[in-house]
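What follows is one structure encoded as structure tokens, with my remarks underneath.
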Amino acid sequence: MSFHLYDSMRREKVPFEPLIPGKVAMYNCGPTVYSAAHIGNFRSFLFADVLRRWLEVSGYEVTQVMNITDVGHLRDDDPEQGADKMEEAAKKEQLDPWKIAEKYTALFFEDLDTLRIQRAHQYPRATDHIPQMIEQIQQLLDSGHAYEASGAVYYDVSSFPAYGRLSGNTGDDLIAGARVAVAEEKKDPRDFALWKSDPHHLMQWDSPFGRGFPGWHIECSAMSQSILGETLDLHTGGEDNVFPHHECEIAQAEGATGKPFVRHWMHARHLMLDGGKMSKSLGNLYTIGQLAEMGHDPVAVRFALLRVQYRQVLNFTLPGLEEAATAVRRLRLFATDMEEAAAGAEPGDPPAWLTAAVQRFDESMDDDLNTSGALDGVFTLMNEANRRKVTGPDAAAALAALRRMDRVLDVVREDAPEDLDAEVEDLVRRRTEARAAKDWATADEIRDRLAELGIELLDGKDGKVRWRRTGAGAS
RNA sequence: GGCGGCAUGGCCAAGUGGUAAGGCAACGGAUUGCAAAUCCGUCACCCCCGGUUCGAAUCCGGGUGCCGCCUCCA
């Protein structure tokens with residue numbers, strides 16, 4: 001089998017077919033850096049991460065680009081009423097918009113590292129690509145897909161018949177929706193702004209169409225094409241991006257070049273929090289920083305987000321996160337056990353049970369990144385290896401297979417021990433001495449004390465004692 | 001109003017025609033100074049009704065319930 005994906009445009013599972021065999025040009029819609037990204041945002045960034053990792057493990061050479069939106073999007077298409085998110089945040093925090101962008105961009109990268117999300121090859125900033133946007137707007141004006149009116153430039157949707165194909169939103173529906181604010185100067189309610197002017201706006205640039213700032217959607221089509229070329233193999237985003245953002249991107253990109261813009265669209269479903277929609281106004285959301293402060297292992301967060309396939313609704317709960325943490329701890333201990341069982345042996349030919357587990361993993365991933373099924377492969381590998389008490393070459397083979405799976409999931413790998421905690425080591429040693437002397441009271445007292453420090457003791461059969469951080473304790 | 005998704009054991013969740021993966025929890029056992037951890041084992045007939053079929057969780061029709069998008073949002 002080869003990689004198959006659910007293509008949002010074609011609305012079915014299709015074989016992945018990049019323009020150039022073996023190479024992948026991938027663009028992911030990234031964050032708008034006006035506040036800290038939340039767990040829901042990271043679901044789709046993590047989805048893009050897993051997608052890239054699986055393609056690479058499958059032998060593709062991937063170029064991944066994710067945009068950073070650091071110029072505000074108006075909330076409303078009417079410049080008179082528009083409130084800009086970047087500028088609102090700037091006002092609230094009493095910083096200028098550029099400082100806001102800088103602050104939250106830095107935080108975004110920090111959170112990526114925390115969740116072990118691999119860095120994309122490029123993170124283009126909207127503010128660094130104003131000339132490319134102006135150029136694309138000019139192309140659209142030249143080709144008759146756009147028009148100027150009252151200091152703004154609008155896309156003429158009637159000039160692009162394919163508009164609505166991705167989202168299924170027909171013109172009639174849009175008008176019937178009646179939530180589209182109709183600017184007087186627009187020829188058609190569906191028309192959207194490519195360039196706007198507003199003397200009060202803080203971020204402004206000169207352009208052939210007058211001093212102003214770019215519209216909501218032009219940045220992604222301009223940046224993706226200027227970096228990856230006119231046709232992308234993969235374009236991802238959250239499901240909310242489908243309309244209007246991606247619909248407009250297609251109109252802009254294909255209007256400007258006349259060539260197909262994207263070969264495959266993929267969209268991550270939103271996650272729910274405690275059974276409901278996440279909402280900033282209700283305050284029911286988590287940022288990565290908040291979860292870390294609460295003492296949760298970031299890798300457990302990664303696991304909790306991965307165990308449900310990206311196109312399924314995922315209900316994120318704290319008990320669910322604890323479950324994930326338990327599963328991760330068990331896998332990690334298993335990996336350690338396998339290392340010992342392998343005892344430095346070279347991996348032997350994989351036994352049938354191992355091949356079956358690997359196949360389960362691979363086929364699941366090939367099937368539109370079915371991470372739930374893939375985890376079945378991981379745990380089956382573990383259970384079979386345990387049941388058979390494998391050692392030597394078989395253990396080495398199992399470990400090698402596990403490591404390969406973990407190149408995609410990245411939840412088993414342990415961070416390099418940062419600090420060999422002298423205090424903990426000392427306590428553990430004193431407890432071992434107490435136990436040898438059958439001084440159970442002292443031994444248990446030390447055990448309790450370690451538990452308070454977030455240290456769990458793992459007493460082995462042969463008197464060997466290991467310890468690990470539970471991740472939940474105060475440290 | 002338009003478009004779309006989902007309903008599988010206590011919880012999470014695979015599985016698209018042949019008699020239900022996996023995780024967490026629970027229970028029994030091994031192990032342990034006691035515990036924890038770990039290991040072994042046990043634990044479901046798939047929302048309702050009707051239909052197609054030798055045979056359906058899986059296909060069709062009709063219900064019921066939950067959710068998302070259509071508006072800034074991943």
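Naming convention: chains lettered A, B, ... in sequence-line order (proteins, then strands); numbering from 1 in each chain.
Between C59(B) and C70(B), the distance separating the two P atoms is 29 Å to the nearest Å. Distance check on atom P: G22(B) versus C60(B) gives 29 Å, rounded to whole Å. G63(B) and C54(B) are spaced 28 Å apart, taking the P atom of each and rounding to whole Å. For the P atoms, the distance from U42(B) to A56(B) is 27 Å, rounded to whole Å. When the C1' atom is compared between C67(B) and C47(B), the two are found 16 Å apart, to the nearest whole Å. When the P atom is compared between U64(B) and U71(B), the two are found 28 Å apart, to the nearest whole Å. Using C1' as the reference atom, G15(B) and C6(B) are 15 Å apart when rounded to the nearest Å. As rounded to the nearest Å, U8(B) and C12(B) have P atoms that lie 8 Å from one another.
Side-chain atoms of N315(A) and T317(A) include no donor-acceptor pair closer than 3.5 Å. H267(A) and N241(A) share no donor-acceptor pair across their side chains, judged by distance under 3.5 Å alone. A donor atom on one side chain and an acceptor atom on the other are not found under 3.5 Å apart for D70(A) and Y104(A).
Remark: U38(B) base-pairs with A30(B). Criterion, Watson-Crick or G-U wobble with two distances under 3.5 Å. Remark: A7(B) base-pairs with U64(B). Criterion, Watson-Crick or G-U wobble with two distances under 3.5 Å. The partner of U71(B) is absent, by the rule that a Watson-Crick or G-U pair needs both atom distances under 3.5 Å. Across all strands shown, U52(B) has no partner, as no Watson-Crick or G-U wobble contact with both distances under 3.5 Å is found. Using the Watson-Crick or G-U wobble rule with both distances under 3.5 Å, A44(B) pairs with nothing in any strand shown.
In this structure, NZ of K277(A) is placed 12 Å from P of U71(B), rounded to the nearest angstrom. R307(A) has its CZ atom 8 Å from the C1' atom of C24(B), to the nearest Å. Rounded to an integer number of Å, the gap from CG of D368(A) to C1' of A14(B) is 14 Å. A straight line from CG of D376(A) to C1' of A20(B) spans 13 Å, rounded to a whole angstrom. Taking atom NE2 of H246(A) as the reference point, atom P of C70(B) lies 13 Å away to the nearest angstrom. The nearest whole Å value for the distance from the CD atom in E247(A) to the C1' atom in C73(B) is 18 Å. Put simply, CG on L306(A) is 13 Å from P on A14(B), counting in whole angstrom units. When rounded to the nearest whole Å, the span between CZ of R447(A) and C1' of A36(B) equals 7 Å.
Both thresholds, 5.5 Å between centres and 30° between ring planes, are met by W440(A) relative to the base of G33(B), so the two rings are stacked.
In terms of the salt bridge (Lys or Arg N to Asp or Glu O under 4.0 Å) criterion, R43(A) has no residue partners (sequence neighbours excluded). With sequence neighbours left out, the side chain to side chain contact (heavy atoms under 4.5 Å, CB included) criterion links P298(A) to T114(A).
Closest to the side chain of R431(A), out of C34(B), A74(B), G22(B), is C34(B). With distances taken from any side-chain atom of S372(A) to the nucleotides C12(B), A74(B), A14(B), the minimum falls on A14(B). The side chain of M272(A) sits closest to C67(B) out of G22(B), G33(B), C67(B). Closest to the H270(A) side chain, of the nucleotides G68(B), A21(B), G15(B), is G68(B). Of the candidate nucleotides U71(B), C72(B), G33(B), G33(B) has the atom nearest to the side chain of D444(A). Comparing C72(B), G22(B), A13(B) by their closest approach to the side chain of F379(A) singles out G22(B).
Using bins of under 30°, 30° to 60° and over 60° for the plane-to-plane angle, the ring pair F213(A)/H201(A) lands in the parallel bin. The aromatic rings of Y163(A) and F192(A) sit parallel to each other, their planes meeting at less than 30°, with 60° as the upper class boundary.
In the interface, the side chain of R269(A) is not paired with the base of C6(B) through any donor and acceptor atom under 3.5 Å apart. One N or O donor and one acceptor, one from the side chain of E323(A) and one from the base of G23(B), sit under 3.5 Å apart.
Using a 4.0 Å cut-off between charged nitrogen and carboxylate oxygen, R307(A) and E323(A) count as a salt-bridge pair. Looking at D406(A) and R116(A), no side-chain N of the basic residue comes within less than 4.0 Å of a carboxylate O on the acidic one, giving no salt bridge. A salt bridge links D113(A) and R119(A); the closest N-O separation between the charged side-chain nitrogens and carboxylate oxygens is under 4.0 Å.
Within 4.0 Å of N315(A), counting heavy atoms only, lies no atom of the nucleic acid at all. Among the protein residues, A268(A) comes within range of no part of the nucleic acid, since none of its heavy atoms lies under 4.0 Å from any strand. Residue-level contact check: G320(A) touches neither bases nor backbone, having no heavy atom under 4.0 Å from any strand.
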*Which parts of nucleotides 37-44 of chain B does protein reach within less than 4.0 Å, heavy atoms only, written one letter per nucleotide 5' to 3' as B for base, S for sugar-phosphate only and - for none?*
SSSSS---
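Take the nearest nucleotide of RNA chain B for G276(A) and for T380(A): the residue whose nucleotide is more 5' is T380(A).
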